[in-house]
Structures are given as C-alpha cells and as structure tokens.
S.K.: 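Provided herewith is a single structure, encoded as structure tokens, for subsequent inquiry.
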Amino acid sequence: MKVMVIVKATKNSETGKMPSEELLTAMGKYNEELLKAGVLLAGEGLHPSSKGKRLVMSGGSKRIVEGPFAETKELVAGFWIWQVKNMEEAMAWAQRCPEPMPGEESILELRPAFDTEDFGEELTPDLRAQEHRMREEVAKQRKP
C-alpha cells in the first residue's frame, strides 16, 4: 500500500525559516533508513504558501488565488510517499521520524493512497488499461 505522509506547516515554516544543520542531518539519516528498507518512494519539502498559488474551480468557472494562504495549521510544509504493508507499518516508521518542526508542535498526517482496485466497477477495463499504461510511462520517464 502507498501512504502519503504529510508534514503540516507551522508559523516558522510559513515564514521560510530553514531547518538547522542538525535537523537536516537527522532527516538525512532517517530518509536513508527509509530508502534502505524499501519504504521511501518520494519526498520533498515545500516552499512557504507565500510562493504558491491556488486554482479554485466551481460551476465551470476558474480563478487563481495568490499565496500566502490563511490557516497555517491546514497547510503542508512537506511530504513523503511510502510503500508499506499497512497503516501500522507506516505509523511505526512515522514514530521514528525526527521532530520536523523543533520548538513548535510537529504534525505528521498519514493518508493511504487509492489503488486501482479501490474504485470498483466504475474503473472500467479500458480505464484500468489507461491507468496501467500511464504508470508504466511515468516509471520509464523516471529511469535515467
């Protein structure tokens, strides 16, 4: 199962405060452990929402909203994509994570990603084949 681990933003991450060398070292070690265990598929830190944009779509209309965005606690400062057996394994890995926001409350939100089987009959054989082809193409594009 794939799980997205969301690192929630904080006041400091939204101001653009960069992590210390000590935290970068600890996170690097943690990421190496995830990689060696075959868990880590992807992971990135994100710039503050002041550098972001949102596209809001409703009733056929679209509008662009420039950052920064309100409600820091609802924002994302970074993420990982993990391949794990189940949510229990994901939580075990999450509990080993260095505290990403020292001096502030750190929150990791773990969310399972949908698999094609989760969509049932609505995902027709043609749509399944399309999904499979696209995943193969993405994998090819990522290989050097």
S.K.: Any chance CD of Glu105 has more than 12 other-residue heavy atoms, nucleotides or ligands included, within less than 6.0 Å?
M.R.: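 No - once you tally the heavy atoms of other residues, nucleotides and ligands closer than 6.0 Å, there are 12 at most.
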S.K.: Taking all non-hydrogen atoms of both residues into account, name the closest pair between Val84 and Ala90 and its distance.
M.R.: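 Scanning both residues completely, I find the closest heavy atoms to be CG2-CB, 4.0 Å.
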S.K.: With no hydrogens and no angle check, do the side chains of Glu14 and Ser49 hold a donor and an acceptor under 3.5 Å apart?
M.R.: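 Yes, Ser49 and Glu14 have a side-chain donor paired with an acceptor closer than 3.5 Å.
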S.K.: Taking atom OG1 of Thr124 and atom CD of Gln130, what is their separation to the nearest 0.5 Å?
M.R.: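 Thr124 OG1 to Gln130 CD: 8.5 Å, rounded to 0.5 Å.
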S.K.: Answer with yes or no whether the hydrophobic clustering places Met1 together with Phe114; edges join I, L, V, M, F, W, Y residues whose side-chain heavy atoms lie under 4.5 Å apart.
M.R.: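 In one cluster: no.
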S.K.: A quick test of your reading: do over 12 heavy atoms of other residues, nucleotides or ligands sit less than 6.0 Å from CD of Glu137?
M.R.: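 Check passes, neighbour count above 12.
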S.K.: When you measure from the centre of the six-membered ring of Tyr30, is the NZ or CZ of Arg96 closer than 6.0 Å and no more than 45° off the axis?
M.R.: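 No, Arg96 does not lie over the aromatic ring of Tyr30.
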S.K.: Tell me, do Phe79 and Leu46 make a side-chain contact under 4.5 Å, heavy atoms counted?
M.R.: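 Yes; the side chains approach each other to less than 4.5 Å.
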S.K.: I need the minimum non-hydrogen distance between Val56 and Val65, along with the two atoms involved.
M.R.: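 It is CG2-CG2, 3.8 Å.
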S.K.: Which distance, rounded to the nearest 0.5 Å, do you find between the CD1 of Ile107 and the CD1 of Ile6?
M.R.: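 The distance works out to 11.5 Å.
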S.K.: Rounded to the nearest 0.5 Å, how far does CZ of Arg111 lie from CD1 of Ile81?
M.R.: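 Ile81 atom CD1 to Arg111 atom CZ measures 11.0 Å (nearest 0.5 Å).
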S.K.: Taking everything shown except Glu117 itself, do over 12 heavy atoms lie less than 6.0 Å from its CD?
M.R.: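 Yes, CD of Glu117 has more than 12 neighbouring heavy atoms, counting only those of other groups under 6.0 Å.
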S.K.: So does Leu55 have more than 12 non-hydrogen atoms from other groups sitting under 6.0 Å from CG?
M.R.: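 Atom CG in Leu55 is crowded, with more than 12 foreign heavy atoms closer than 6.0 Å.
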S.K.: Using a 6.0 Å cut-off, check whether atom CE of Met134 has over 12 heavy atoms from anything other than its own residue.
M.R.: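 It does: Met134 CE has more than 12 such atoms within range.
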S.K.: Determine whether Met91 and Met87 make a side-chain contact, defined as any pair of heavy atoms from C-beta on separated by less than 4.5 Å.
M.R.: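 No, too far: nothing below the 4.5 Å cut-off.
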S.K.: Are the side chain of Asn86 and the backbone N or O of Glu89 linked by a donor-acceptor pair below 3.5 Å?
M.R.: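 Checking the backbone N and O of Glu89 against the side chain of Asn86, a donor-acceptor pair under 3.5 Å is found.
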S.K.: Give me the atom names and distance for the closest heavy-atom approach of Glu33 to Trp93.
M.R.: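 Taking every non-hydrogen atom into account, O-CH2, 3.7 Å.
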S.K.: Tell me whether Leu108 is reachable from Met27 by hopping between hydrophobic residues (I, L, V, M, F, W, Y) whose side-chain heavy atoms are closer than 4.5 Å.
M.R.: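 Hydrophobic grouping puts Met27 with Leu108.
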S.K.: Please find the pair of heavy atoms, one from Lys2 and one from Arg135, that lie closest to each other, and give the distance.
M.R.: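 Scanning both residues completely, I find the closest heavy atoms to be NZ-NH1, 3.5 Å.
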S.K.: Any donor-acceptor pair under 3.5 Å linking the side chain of Asn31 with the backbone of Gly28?
M.R.: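 A pair under 3.5 Å: no.
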S.K.: Give, for atom NZ of Lys29 and atom CG of Leu24, the distance between the pair rounded to the nearest 0.5 Å.
M.R.: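 Here the rounded value is 15.0 Å.
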S.K.: What's the spacing between Glu66 CD and Ser50 OG if we round to 0.5 Å?
M.R.: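 The distance works out to 11.0 Å.
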S.K.: Is there a side-chain contact between Val7 and Val76 in this structure, where contact means two heavy atoms from C-beta onward sitting under 4.5 Å apart?
M.R.: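 Side chain of Val7 against side chain of Val76, heavy atoms only: no contact under 4.5 Å found.
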S.K.: Ignoring hydrogens and angles, tell me if any N or O in the side chain of Thr72 forms a donor-acceptor pair with the backbone of Lys11 under 3.5 Å.
M.R.: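 A pair under 3.5 Å: no.
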S.K.: What's the separation between atom CZ in Arg128 and atom CG in Leu123, rounded to the nearest 0.5 Å?
M.R.: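 Atom-to-atom, Arg128:CZ and Leu123:CG are 4.5 Å apart.
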S.K.: May I ask you to test the Leu41-Trp82 pair for a side-chain heavy-atom distance under 4.5 Å?
M.R.: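 Heavy-atom side-chain distance check fails, nothing below 4.5 Å.
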S.K.: Name the one of His132, Arg133, Lys140 that satisfies side chain to side chain donor-acceptor pair (under 3.5 Å) with Glu136?
M.R.: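 The single option meeting the side chain to side chain donor-acceptor pair (under 3.5 Å) with Glu136 is His132.
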S.K.: What closest approach, in Å, do Leu23 and Glu99 show between heavy atoms, and which atom pair accounts for it?
M.R.: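 Closest heavy-atom pair between Leu23 and Glu99: CD1-O, 3.5 Å.
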S.K.: Any idea which heavy atoms bring Pro48 and Ser13 closest together, and the distance?
M.R.: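 In this case the closest contact between Pro48 and Ser13 is CG-O, 3.7 Å.
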S.K.: Is the closest side-chain heavy-atom distance between Cys97 and Trp80 below 4.5 Å?
M.R.: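 Yes, side chains in contact.
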S.K.: Could you tell me if the side chain of Glu109 sits less than 4.5 Å from the side chain of Lys8, heavy atoms only?
M.R.: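 Contact flag for Lys8/Glu109 side chains = yes.
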